[in-house]
Chemist: 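My questions all concern the structure below.
Here is the naming used below: chain letters follow the sequence lines, and residue numbers restart at 1 for every chain.
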Amino acid sequence: MTRARWGGTVHLVNDASNPSSASPKVTARGVSKRFDTTAGEVIALERFDLEVAQGEVVCIVGPSGCGKSTFLRILAGLDTASGGELTVRRDNPDKPENAVVFQEYAIFPWKTVRENVAFGLRMRGVPRAERDATAAHWIERVGLARFAGAYPAQLSGGMKQRVAIARALAYDADLLLMDEPLGALDAQTRLTLQEELLRLWSETGKTVVYVTHGLEEAVLLADRVVVMTAHPGRVKTILDVPLPRPRSIETTTTPEFAALTGELWHALRDEVARAQGYEVPA
Amino acid sequence: MSTVAPPRRRFTPFETWWAPLLLALTLSVAAWPLGLWPVAWWVILATDFVLLVAAMERLEPRLPLATRPVFRNALAIGFPIALLVSWELIVRAGILNPRWFPPPTSIAVALWELTVNYDRFNDTSLIGRPWLIPSVWASEGWSGVRALFAESHVYATLSRVFGGFFIGAIPGVLVGVVMGLNRTVRTMLDATMSAVYVLPKIAIFPILMLVFPDPFGEGPKVAVVAISAFFLVAINAMAGVQGIDPVLLQAGRAFGANRVAMLRHVILPGALPIIFSGLRLALGTSLIVIVAVEFIRAQTGVGFVIFYHWQVLMTDRMYAGLVVTMALGVGLTALLQWVERRVMPWRDS
């Protein structure tokens with residue numbers, strides 16, 4: 001199955017026979033994105049290469065404007081690439097290809113928590129009783145059982161984002177795409193949700209591509225961290241995070257964590273400075 | 001040895017809450033022999049109002065906390081009543097001419113007379129004498145009840161408002177949503193819509209009278225209301241669709257919504273608050289337009305009641321017509337708000 005509505009190609013490989021096969025879940029080869037503006041061509045993403053293995057958690061960090069969100073949107077099918085090749089292996093053609101968690105919650109204010117979580121299932125045509133049961137399960141898992149009938153206006157920011165996470169998990173795609181999901185939350189709420197994500201991922205074994213601007217967050221959550229450069233957006237380096245799982249907030253107090261965060265900052269520092277307009281010798 | 005200066009007292013012109021009231025009264029009475037009322041009545045009234053506000057603001061903190069909501073309600077209801085009472089007294093005192101400003105009591109009497117009496121000259125009554133429905137139903141059946149409705153001014157106005165409002169608002173929502181969704185449609189229609197939007201719709205009433213086979217019938221009246229409602233609703237529906245948070249549209253697409261599902265689950269509910277503010281505007285405008293039309297060309301309707309009694313110089317009944325128009329406006333707005341709360345429960349929290 002091929003999704004090819006643009007210059008590049010997305011292959012959706014059906015490989016139900018061998019779900020644990022060695023072929024990666026996501027393969028991006030030379031994916032690029034160019035915008036035509038009246039001021040000329042802007043290159044948001046240039047020859048982006050990445051492989052994500054089944055069950056792996058990959059965080060993408062980089063200065064603002066490096067195209068990390070653009071890549072995620074292309075991967076989600078919400079935007080089109082200008083060139084390159086993107087392959088997403090699908091192990092079960094009945095399941096959706098991916099589920100997205102957006103930065104600004106993006107839950108529907110006019111639907112209750114239950115209706116929001118069940119939304120993706122409803123769009124897939126899942127019968128009402130079944131989708132209500134699934135929604136109830138995930139609402140319970142993110143600790144919002146008391147608020148199942150509430151509207152988003154009655155929830156705090158952290159609770160709204162938990163609804164968005166429950167909606168993505170209830171959709172039951174193997175590939176979870178998260179675009180700075182905790183970026184708009186305060187520090188304490190972010191910590192509790194990071195632990196919640198670690199727990200949910202370890203229980204579900206999803207493949208995760210996670211865009212963030214938080215270095216500690218990236219090291220805490222990821223198996224590998226992709227560092228990007230800005231203007232044009234390219235992969236600068238990929239950092240392995242060999243910290244053992246299960247992880248928790250306590251992981252952040254270990255010397256290994258500090259060393260990895262330092263290494264990541266070292267890789268990123270010049271990029272951030274350059275993105276902010278400082279002259280940095282290459 | 002140093003001394004601490006005593007805190008400077010704030011200048012408080014009135015120690016007690018009723019002192020401003022006393023001053024207002026003194027001022028108003030003293031202005032009388034000085035002959036200030038006829039030349040500077042607005043200055044005196046404005047000063048009295050400021051002093052009244054000052055008195056009430058000094059009174060409120062002295063009241064027990066539990067009674068303060070009651071006090072605020074009493075202010076909200078009491079001040080308009082005080083206005084009506086002063087109007088009454090001023091007219092009774094011969095300061096205002098009762099011919100142009102009939103006192104509230106005679107307006108109330110006129111309203112009562114218009115309600116209970118049948119106008120033999122115009123073959124109408126204000127609300128259609130609903131207390132006759134049982135007996136007419138018994139003697140003449142359905143046609144008798146219909147005749148009662150036909151003689152009612154309020155029914156005539158309401159049927160024109162509702163008829164025109166629905167005929168205009170439903171296509172208005174459709175066209176507005178399409179304009180919000182499709183850039184090409186928007187580009188092609190925007191200039192025309194904006195131009196017609198600012199045109200006072202009453203100005204096209206003569207054209208509508210030419211277009212309809214019966215220029216004096218209900219057709220042109222309903223049509224002018226419909227056209228007024230259409231543009232207001234369409235422009236607001238367009239703005240509502242365009243104003244939807246793009247991330248919600250992305251979320252809809254990301255979770256597999258097709259075009260129909262997007263419209264139903266994302267676009268329409270997202271645009272609904274602005275669509276409703278358009279409907280509210282359209283309903284108010286409908287009432288304005290229909291009263292104006294009934295001034296010009298009608299034998300029934302609340303606008304006709306006002307204009308007819310102006311022509312025969314029965315000003316208390318003219319004012320009664322204004323009161324009915326106000327009541328209709330308040331009632332229609334309350335009805336729409338009720339619908340709004342039913343349709344958009346998520347905004348109620």
Chemist: Anything in residues 100-115 of chain A with a heavy-atom distance to chain B below 4.5 Å? Please list those residues in order.
Modeler: A/V100, A/F102, A/E104, A/A106, A/I107, A/F108, A/P109, A/W110, A/K111

Chemist: Would you compute the distance between atom CZ of A/R124 and atom CZ of B/F255 and round it to the nearest 0.5 angstrom?
Modeler: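 That separation rounds to 11.0 Å.
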
Chemist: Determine which residues belonging to residues 170-181 of chain A lie within contact range of chain B, meaning some heavy atom pair is under 4.5 Å apart, and list them by number or answer 'none'.
Modeler: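 Listed by number, the contacting residues are A/Y171.
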
Chemist: Does atom CZ of B/R72 have more than 12 heavy-atom neighbours from other groups under 6.0 Å away?
Modeler: no

Chemist: Shorter than 4.5 Å, heavy atoms on both sides: which option in B/A254, B/G270, B/P269 has the most such pairs with chain A?
Modeler: B/P269

Chemist: Atom CG in A/N116, atom NE2 in B/H265: separation rounded to 0.5 Å?
Modeler: 11.5 Å

Chemist: In terms of heavy-atom proximity below 4.5 Å to chain B, should A/R122 be classed as side chain, backbone, both, or neither?
Modeler: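 Contact with chain B involves the side chain of A/R122 alone.
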
Chemist: Quick one: CZ on B/R253 to CE on A/M123, what's the gap to the nearest 0.5 Å?
Modeler: 15.0 Å

Chemist: Would one find more than 12 heavy atoms of other residues, nucleotides or ligands at under 6.0 Å from atom OH of B/Y155?
Modeler: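 No, OH of B/Y155 has 12 or fewer neighbouring heavy atoms, counting only those of other groups under 6.0 Å.
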
Chemist: If contact means a heavy atom pair closer than 4.5 Å, which residues of residues 133-143 of chain A contact chain B?
Modeler: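 Residues qualifying by a heavy atom under 4.5 Å from chain B are absent, so none.
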
Chemist: Show me the donor-acceptor pairs within less than 3.5 Å that the side chains of residues 218-238 of chain B make with the rest of the protein, sequence neighbours left out.
Modeler:
| unit_1 | atom_1 | unit_2 | atom_2 | d |
| --- | --- | --- | --- | --- |
| B/E218 | OE1 | B/R160 | NE | 2.8 |
| B/E218 | OE2 | B/R160 | NE | 3.4 |
| B/E218 | OE2 | B/R160 | NH2 | 2.9 |
| B/K221 | NZ | B/F216 | O | 3.1 |
| B/K221 | NZ | B/G217 | O | 3.0 |
| B/K221 | NZ | B/R297 | O | 3.3 |
| B/S228 | OG | B/V224 | O | 2.7 |
| B/N236 | ND2 | B/L232 | O | 2.8 |

Chemist: Counting only heavy atoms from other residues, nucleotides and ligands, does the tally under 6.0 Å from CZ of B/F49 exceed 12?
Modeler: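 It does not: B/F49 CZ has 12 such atoms or fewer within range.
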
